Amino acid sequence: MEDEIITIGRKTFFIAPDITILPESYLEDFLVRGYEAYIIDDFRFCPLEGKVDIIIGNFPDSILFFFVDSDAGVDWERYIARLQNDYDGKLSIGILYARRSNEEKQRNIEKYYLFDLGVKCGCIALEYQKSKNFNLIDRVMYANQACGRRKHVRAICDMSSKANFYYERERIDGRIVDISLSHFSFVPDYGRSFPDIPEGEKIKDIFVIFNGMHFRTNGSLIAKREMGGKILHIFLFEKHDGTPGLEDYLISQLSKKIYQAVADRVKTFLREKFDEYAKTVKKIGQKKKSTAE
């Protein structure tokens with residue numbers, strides 16, 4: 001069940017990027033835009049091909065951007081061609097590379113990957129000024145619908161994430177099931193009775209605890225549904241002026257916490273898969289060596 005939750009939703013993987021022109025700090029900013037993105041590097045123990053196969057096998061709806069200037073132990077042209085052939089051109093692949101001063105060389109790179117191989121997600125020349133690259137990649141991710149069917153990335157919460165508020169002079173406590181930059185899902189504590197809250201009701205001064213962050217916000221109950229014998233309440237965040245969303249000062253803080261929660265789960269999941277693959281390859285190598293001896 002845990003693995004199913006982790007693999008839901010479109011994700012973008014940047015394979016072997018140059019972090020001097022595509023820094024990891026971009027990933028948090030992409031989350032605000034609705035993109036769940038990760039950097040895949042360090043191929044000392046698990047080779048690039050193994051990591052990519054694991055990603056494709058577990059995240060079939062993912063987008064993979066390969067930084068083809070990287071010395072990652074593969075022949076990029078042959079490797080991307082093999083991926084395109086093995087998956088019959090159905091993979092969502094994009095190419096990243098550092099802009100060339102020679103225009104002919106740049107045209108040749110674009111021709112090979114876009115026209116000869118037919119990669120789906122573009123061939124982007126990154127600038128050496130990293131400040132320009134965020135917008136370049138953002139436009140390409142938007143064009144390729146990197147957010148999938150969701151507008152905001154949501155984090156599944158543990159038991160420490162809670163909320164409370166007053167309704168009809170009654171304090172209602174409960175736990176937060178999941179949270180995004182637009183809404184959160186809440187299950188009231190069922191140890192005592194509490195007033196029924198109708199859909200559409202606006203609640204002021206909701207106190208939220210999530211991943212070590214405490215904040216107050218307003219919300220509007222937009223839906224209720226049964227979940228394991230309890231009623232899940234889905235609240236849309238509202239600003240103090242009544243418009244949907246969080247106050248500006250909360251967005252950057254909450255996006256950082258959501259990114260940490262979501263990324264920690266995916267990174268742990270992938271790390272375990274990569275370690276399993278590396279151990280399997282090592283065992284096969286040892287078996288071949290003993291057989292040869």
Side-chain angles (χ1 to χ4, degrees), residues 1-9 27-28 31-36 147-269:
M1 182 63 180
E2 176 74 9
D3 288 358
E4 290 178 7
I5 292 172
I6 290 171
T7 56
I8 289 173
L27 305 184
E28 290 180 21
L31 183 135
V32 177
R33 305 281 288 163
Y35 311 134
E36 187 181 347
C147 58
R149 289 178 289 181
R150 62 191 176 188
K151 292 184 179 179
H152 298 280
V153 177
R154 67 187 176 101
I156 306 300
C157 303
D158 59 24
M159 298 300 291
S160 67
S161 297
K162 301 178 180 180
N164 65 69
F165 53 86
Y166 283 87
Y167 180 69
E168 293 185 350
R169 299 185 179 180
E170 290 281 344
R171 173 168 162 153
I172 300 177
D173 292 89
R175 80 176 189 91
I176 297 176
V177 177
D178 60 65
I179 189 169
S180 74
L181 292 177
S182 63
H183 72 277
F184 68 93
S185 299
F186 171 83
V187 174
D189 291 340
Y190 275 75
R192 60 183 180 82
S193 62
F194 57 89
D196 180 58
I197 307 172
E199 290 185 18
E201 191 75 8
K202 294 180 181 294
I203 306 295
K204 292 186 179 297
D205 199 29
I206 303 171
F207 181 64
V208 175
I209 301 174
F210 167 65
N211 206 15
M213 180 182 177
H214 298 189
F215 65 95
R216 293 185 180 276
T217 184
N218 296 337
S220 176
L221 181 62
I222 58 172
K224 294 192 293 185
R225 62 172 178 264
E226 187 176 348
M227 186 188 77
K230 299 180 180 181
I231 304 299
L232 186 74
H233 295 62
I234 303 173
F235 286 94
L236 187 71
F237 286 123
E238 283 193 353
K239 299 179 182 179
H240 291 299
D241 64 5
T243 57
L246 286 163
E247 303 294 341
D248 291 344
Y249 74 93
L250 287 174
I251 291 176
S252 62
Q253 298 175 47
L254 183 57
S255 66
K256 186 181 293 292
K257 293 294 184 180
I258 290 174
Y259 174 74
Q260 289 173 348
V262 172
D264 284 350
R265 282 176 177 243
V266 173
K267 287 178 180 178
T268 299
F269 174 83

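Here the structure is a predicted model, which means the values were calculated and not measured.
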What's the shortest heavy-atom distance between [X] and [Y], and which atoms?
X    : Y    : result
Y167 : P198 : OH-CD, 3.4 Å
R175 : D189 : N-OD1, 4.4 Å
P244 : K239 : O-CE, 4.2 Å
A163 : F186 : O-CE1, 3.4 Å
F210 : A261 : CZ-CB, 4.0 Å
N164 : D173 : CB-OD2, 3.3 Å

Is any side-chain heavy atom of [X] less than 4.5 Å from a side-chain heavy atom of [Y]?
X    : Y    : value
D178 : F184 : no
F165 : I197 : yes
I258 : L31  : yes
E238 : T217 : no

So V208 and H214, side chain to side chain contact (heavy atoms under 4.5 Å, CB included) or not? Walk me through it. CA-CA 6 Å; V208 175; H214 298 189; over 6 Å; no

Just one of L250, N218, L181, I179 clears the side chain to side chain contact (heavy atoms under 4.5 Å, CB included) bar with F237, so which one? I179

In Å, rounded to the nearest 0.5 Å, how long is the span from [atom1] of [X] to [atom2] of [Y]?
X    : Y    : atom1 : atom2 : answer
I172 : I203 : CD1   : CD1   : 7.0 Å
F269 : D264 : CZ    : CG    : 15.0 Å
E168 : D196 : CD    : CG    : 9.0 Å

For [Y], is there any backbone N or O sitting under 3.5 Å from a side-chain donor or acceptor partner on [X]?
X    : Y    : result
E247 : H240 : yes
S255 : S252 : yes
S161 : C157 : no
N211 : K257 : yes

Just wondering, are more than 12 heavy atoms of other shown residues or ligands nearer than 6.0 Å to CZ in R33? no

Tell me, yes or no, whether the heavy-atom count around K204 atom NZ, taken from other residues, nucleotides or ligands under 6.0 Å, exceeds 12. no

Which is it for M213 and L254 under the side chain to side chain contact (heavy atoms under 4.5 Å, CB included) test, yes or no, and what are the steps along the way? CA-CA 8 Å; M213 180 182 177; L254 183 57; 4.1 Å; yes

Give the C-alpha distance, both sets of side-chain angles, the deciding distance and a yes or no for side chain to side chain contact (heavy atoms under 4.5 Å, CB included) between L221 and K202. CA-CA 6 Å; L221 181 62; K202 294 180 181 294; over 6 Å; no

Report the C-alpha separation of F207 and Y166 in whole Å, then their side-chain angles, then the decisive distance to 0.1 Å, and conclude whether the ring-ring contact (aromatic ring centres under 6.0 Å, His included) test is met. CA-CA 10 Å; F207 181 64; Y166 283 87; over 10 Å; no

Regarding K256 and E28, does a basic nitrogen lie under 4.0 Å from an acidic carboxylate oxygen? yes

For K224, is there an ion pair with E199 - N to carboxylate O distance below 4.0 angstrom? no

side-chain hydrogen bond (donor to acceptor under 3.5 Å, both in side chains) with K230: which residues, sequence neighbours excluded? none

Going by the rule side-chain contact (heavy atoms from CB on, under 4.5 Å), which residues pair with R225 if we only count those two or more places apart in sequence or in a different chain? L232, I234

Taken in chain and number order and not counting sequence neighbours, the residues that satisfy side-chain contact (heavy atoms from CB on, under 4.5 Å) with S180 are H152, R154, S182, H183

Side chain to side chain contact (heavy atoms under 4.5 Å, CB included) between Y249 and F215, intermediate numbers included: CA-CA 11 Å; Y249 74 93; F215 65 95; over 6 Å; no

